[in-house]
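All of these numbers come straight from a predicted model, not from anything done at the bench. Along the sequence shown, the residues carry numbers beginning at 1.
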Amino acid sequence: MDERSIDREPLVVLLHSNDIHSRLEEAARISDYIADTRRMFGADRVLAVDIGDHLDRMRPETEGSGGSVNIELLNAAGYEAGVPGNNEGLTYTKEELERLYGSEAKFPVLCCNLEDADAGELPEWLLPSLVVPKNGLAIGLIGATAPYPNFYGLLGWTVKEPVEAIRKQAEQLRPTVDVLVVLSHLGLPVDRRLAEEIPGIDLILGGHTHHQLDEPIAVGTTLLCGTGKFGEHVGRIEIGRDAASGRLTYGARLLATASMREEPRAAMLLERFKESARVSMSRTCAVLDRALPLDTDRESPLANLLAAGVRRWTGADIGLVNSGQLLGGLAAGEISDGLLHSLCPSPVNPCRILLKGGRIRLALEQSLLEEYTRMEIRGFGFRGRVLGCLAMDGIELEWDERRPAGSRITSLRAGGSDLDDDTEYSVGTLDMFTFGVGYLSLKEGRDIRYFLPEFLRHVLAEELRSPDGLDGCFLRRTRPRS
């Protein structure tokens with residue numbers, strides 16, 4: 001945006017962050033920038049908001065503190081509003097969210113499209129919108145989060161279609177505020193739709209799709225903004241007034257956080273939670289009398305154990321998981337919660353589907369190819385490095401690497417019989433596959449049942465304590481034909 005549009009004496013400076021995903025050092029740097037801005041302009045002229053996915057259970061301090069470290073950092077930075085993203089809403093139970101947002105958070109939490117399914121209304125700690133007075137301006141804030149109805153329903157929530165929920169709030173707030181802002185954890189395509197369909201919105205501060213808008217996008221009279229991901233940037237919007245027309249003006253830009261220092265109090269909080277997380281995650285969850293190696297390119301005992309665990313957990317006939325969910329093998333000895341978390345950090349849930357044998361066969365053929373096992377993937381809850389091969393349970397496979405790619409399987413048996421391409425089988429697998437990532441044929445299952453709130457590491461912990469599971473994971477499922 002033209003620098004001339006940025007008022008040199010802003011009425012209000014609006015600072016925004018999104019999708020930090022527990023990059024806590026970056027959060028501490030943003031905290032220092034917020035503090036500096038407040039020292040420069042005064043608290044009455046600065047408003048700081050977060051647009052969700054601040055928490056990510058991949059980070060040990062977040063996992064070990066039950067999310068409290070993130071809330072304490074937001075509190076210390078003086079955020080004045082926050083929105084729960086899907087990483088908060090779908091990886092913590094209602095009770096845990098009530099503790100985090102209802103008891104620990106010192107800022108209002110906004111979301112107009114999420115209700116307690118039992119009560120049929122928002123919980124006490126959640127507001128659909130808020131009006132914040134700043135330097136003589138009334139600033140209206142509306143929060144909304146990405147709708148995943150199947151998942152939210154399993155956790156006791158009703159998630160509404162967000163556009164109409166925001167429209168209702170906008171119609172109520174617009175006559176009473178000077179500036180109307182949507183805090184949208186909905187993604188850039190939905191943000192564009194909001195700007196096109198709902199009149200009167202001045203600013204949409206977005207997240208969820210990790211869009212980094214170095215220049216804001218103008219859609220009609222609405223500006224769309226987004227800082228990207230991982231706290232690499234903080235957004236700054238200077239709200240001023242045009243001297244000639246008297247209209248409010250908006251100058252938006254992003255500032256890189258890499259050169260910023262960590263705010264001292266936030267840095268101290270982080271160090272304190274590092275130690276407390278280490279202690280809380282040192283509990284022994286299993287003791288192994290043998291090592292469980294991992295190989296992401298081919299069959300290995302630890303991946304077999306996870307596949308068997310998912311099959312049993314979901315009550316399926318076949319278990320299929322990608323070995324890339326695991327970041328290393330396990331040595332014999334005590335296994336702590338912290339070690340298990342470091343090796344299986346993804347907030348991925350088990351699920352059960354009905355899938356035709358031909359779709360299973362296709363995925364297993366792809367699993368024999370390096371282009372799949374070494375495929376790098378991002379998002380969908382996956383926090384690993386590569387996709388890895390498919391580990392299996394309840395199924396046996398023979399293959400010949402001399403045959404052409406896509407037709408290397410020479411024998412495939414399930415339940416003691418040859419796998420039939422047209423028959424549907426009950427398959428325990430991972431929620432991320434149903435979104436269409438990696439082994440795409442696994443998305444074609446029907447009658448999907450997701451299992452929440454447990455993650456794969458909880459399933460793995462159960463199997464590590466099972467003598468039958470430990471013995472069974474060394475039995476070969478795949479046999480190359482020489």
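Nearest heavy atom pair, residue Gly226 against residue Asn18, reads C-OD1, 4.2 Å. Leu100 approaches Gly66 most closely through the heavy-atom pair CD2-O, 3.4 Å. Nearest heavy atoms, Leu24 versus Leu270: CD1-CD1, 3.5 Å. In plain terms, the two heavy atoms of Leu205 and Val49 that are nearest each other are CD1-CG2, 3.9 Å. What you find for Pro147 and Pro162 is that their closest heavy atoms are CG-CD, 3.9 Å. Leu470 approaches Arg290 most closely through the heavy-atom pair O-NH1, 3.8 Å.
The ring pair (Phe, Tyr, Trp, His ring centres under 6.0 Å) pairs that include a residue from residues 94-114 are Tyr101-Trp125, where partners are two or more places apart or lie in different chains. Residue pairs meeting the salt bridge (charged side-chain N to carboxylate O under 4.0 Å, His left out) criterion with at least one partner in residues 426-445, sequence neighbours excluded, are Arg359-Glu444.
With hydrogens and angles ignored, the 3.5 Å screen pairs no side-chain donor or acceptor of Thr257 with any backbone N or O of Ile30. Without hydrogens or angle criteria, Arg59 side chain to Arg23 main chain gives no donor-acceptor distance under 3.5 Å. At distances below 3.5 Å, at least one donor-acceptor pair connects side-chain atoms of Arg477 with backbone N or O atoms of Met392. A donor-acceptor pair is defined here as one N or O able to donate and one able to accept, closer than 3.5 Å; no such pair exists between the side chain of Arg57 and the backbone of Pro345. Judged by distance alone, with hydrogens and angles left aside, the side-chain atoms of Asp337 form no donor-acceptor pair with the main-chain N or O of Met281 at under 3.5 Å. Between the Ser31 side chain and the Ala27 main chain, no donor and acceptor come within less than 3.5 Å of each other. Ser346 places a side-chain N or O within 3.5 Å of a backbone atom of Arg383 that can act as its donor or acceptor partner. Side-chain atoms of Tyr152 do not come within 3.5 Å of backbone N or O of Leu114 as any donor-acceptor pair. Distance alone, capped at 3.5 Å, places no donor-acceptor pair between the Ser129 side chain and the Ile142 backbone. Checked by atom type and distance alone, the side chain of Ser280 pairs as donor or acceptor with a backbone atom of Gly64 at under 3.5 Å.
Between Thr296 and Leu387 the shortest side-chain heavy-atom distance does not fall below 4.5 Å. For the pair Cys344/Leu327, no side-chain contact is recorded, criterion being any heavy-atom separation below 4.5 Å from C-beta on. Using a 4.5 Å heavy-atom cutoff, the side chains of Val321 and Leu390 are not in contact. Counting heavy atoms from C-beta outward, Tyr450 and Asn150 have side chains that approach closer than 4.5 Å. Counting heavy atoms from C-beta outward, Val234 and Leu254 have side chains that stay 4.5 Å or more apart. At least one side-chain heavy atom of Leu340 sits less than 4.5 Å from a side-chain heavy atom of Leu464. Within the 4.5 Å cutoff, no side-chain heavy atoms of Arg374 are placed close to those of Arg385. Side-chain contact between Arg449 and Asp447 is absent, with no heavy-atom pair separated by less than 4.5 Å.
Just one residue in the list Leu364, Leu430, Ile353 forms a side chain to side chain contact (heavy atoms under 4.5 Å, CB included) with Leu320, and that residue is Leu364. Of the listed residues (Arg272, Glu271, Lys274), just one forms a side chain to side chain contact (heavy atoms under 4.5 Å, CB included) with Glu61, and that residue is Lys274.
A donor-acceptor contact under 3.5 angstrom links the side chains of Ser68 and Arg99, judged on distance only. Side chains of Asn113 and Glu161: a donor-acceptor N/O pair is absent below 3.5 angstrom, by distance only. Counted by atom type alone, Glu115 and Thr158 present zero donor-acceptor pairs between their side chains at under 3.5 Å. Side-chain contact, Glu370 with Thr373: no donor N or O sits under 3.5 Å from an acceptor N or O. Residues Tyr439 and Gln366 bring no donor and acceptor atom of their side chains to less than 3.5 Å of each other. Judged by distance alone, the side chains of His208 and Asn86 do bring a donor and an acceptor atom under 3.5 Å apart. Side-chain contact annotation: Asp191 with Ser184, donor-acceptor N/O pair under 3.5 Å present. Side-chain N/O atoms of Asn70 and Ser22 include a donor and acceptor closer than 3.5 Å. Using modelled atom types and a 3.5 Å distance limit, the side chains of Thr284 and Glu334 yield a donor-acceptor pair.
Remark: Arg408 does not engage Asp400 in a salt bridge, criterion side-chain N to carboxylate O under 4.0 Å. Residues Arg311 and Asp393 are paired through a salt bridge, judged by an N-O separation under 4.0 Å between the basic side chain and the carboxylate. Salt-bridge formation is detected for the pair Lys94/Asp118: a Lys NZ or Arg NE/NH1/NH2 atom is positioned less than 4.0 Å from an Asp or Glu carboxylate oxygen. A salt bridge links Glu462 with Arg465; the closest basic N to acidic carboxylate O contact falls under 4.0 Å. Under the 4.0 Å criterion applied to side-chain N and carboxylate O atoms, Lys356 and Asp422 are not assigned as salt-bridge partners.
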* Evaluate the salt bridge (charged side-chain N to carboxylate O under 4.0 Å, His left out) criterion for residues Glu63 and Arg457: first the C-alpha distance (whole Å), next the side-chain angles of each, then the deciding distance (0.1 Å), finally the verdict. => CA-CA 12 Å; Glu63 178 74 356; Arg457 56 181 170 271; 3.3 Å; yes
* Asked: Between Asp317 and Ser426, does a side-chain hydrogen bond (donor to acceptor under 3.5 Å, both in side chains) hold up when you go through it step by step?
  -> CA-CA 5 Å; Asp317 298 322; Ser426 171; 4.6 Å; no
* Show the numbers, then the answer: is there a ring pair (Phe, Tyr, Trp, His ring centres under 6.0 Å) between His210 and His21? => CA-CA 11 Å; His210 296 184; His21 285 279; 5.1 Å; yes
* Output, in order, the C-alpha distance, side-chain angles, deciding distance and verdict of salt bridge (charged side-chain N to carboxylate O under 4.0 Å, His left out) for Arg446 and Glu424. => CA-CA 10 Å; Arg446 68 176 186 87; Glu424 284 189 322; 2.8 Å; yes
* Does the pair Glu299 and Arg476 meet the rule for a salt bridge (charged side-chain N to carboxylate O under 4.0 Å, His left out), with working shown? -> CA-CA 8 Å; Glu299 181 181 1; Arg476 300 285 300 182; 3.7 Å; yes
* **Residue pair Arg413, Asp418: steps toward the salt bridge (charged side-chain N to carboxylate O under 4.0 Å, His left out) verdict** => CA-CA 4 Å; Arg413 295 175 65 79; Asp418 289 339; 3.0 Å; yes
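Ring-plane geometry between Phe151 and Tyr148 is classed as perpendicular, the angle between the planes exceeding 60 degrees on a 0 to 90 degree scale with a lower cut at 30.
To the nearest 0.5 Å, the span separating CD1 on Ile20 from OG1 on Thr227 amounts to 7.5 Å. Expressed to the nearest 0.5 Å, how far CD of Gln212 lies from CG of Asp19 amounts to 12.0 Å. Here the CG atom belonging to Leu122 is positioned 9.0 Å from the CG atom belonging to Asp116, to the nearest 0.5 angstrom. Annotation: the span from Glu398 atom CD to Ile409 atom CD1 amounts to 11.0 Å, rounded to 0.5 Å. Summarising the geometry, atom CG belonging to Leu343 is positioned 11.0 Å from atom CG belonging to Leu292; distances are rounded to the nearest 0.5 Å.
For the pair Arg278 and Phe273, the cation-pi test (distance below 6.0 Å, angle within 45°) is failed.
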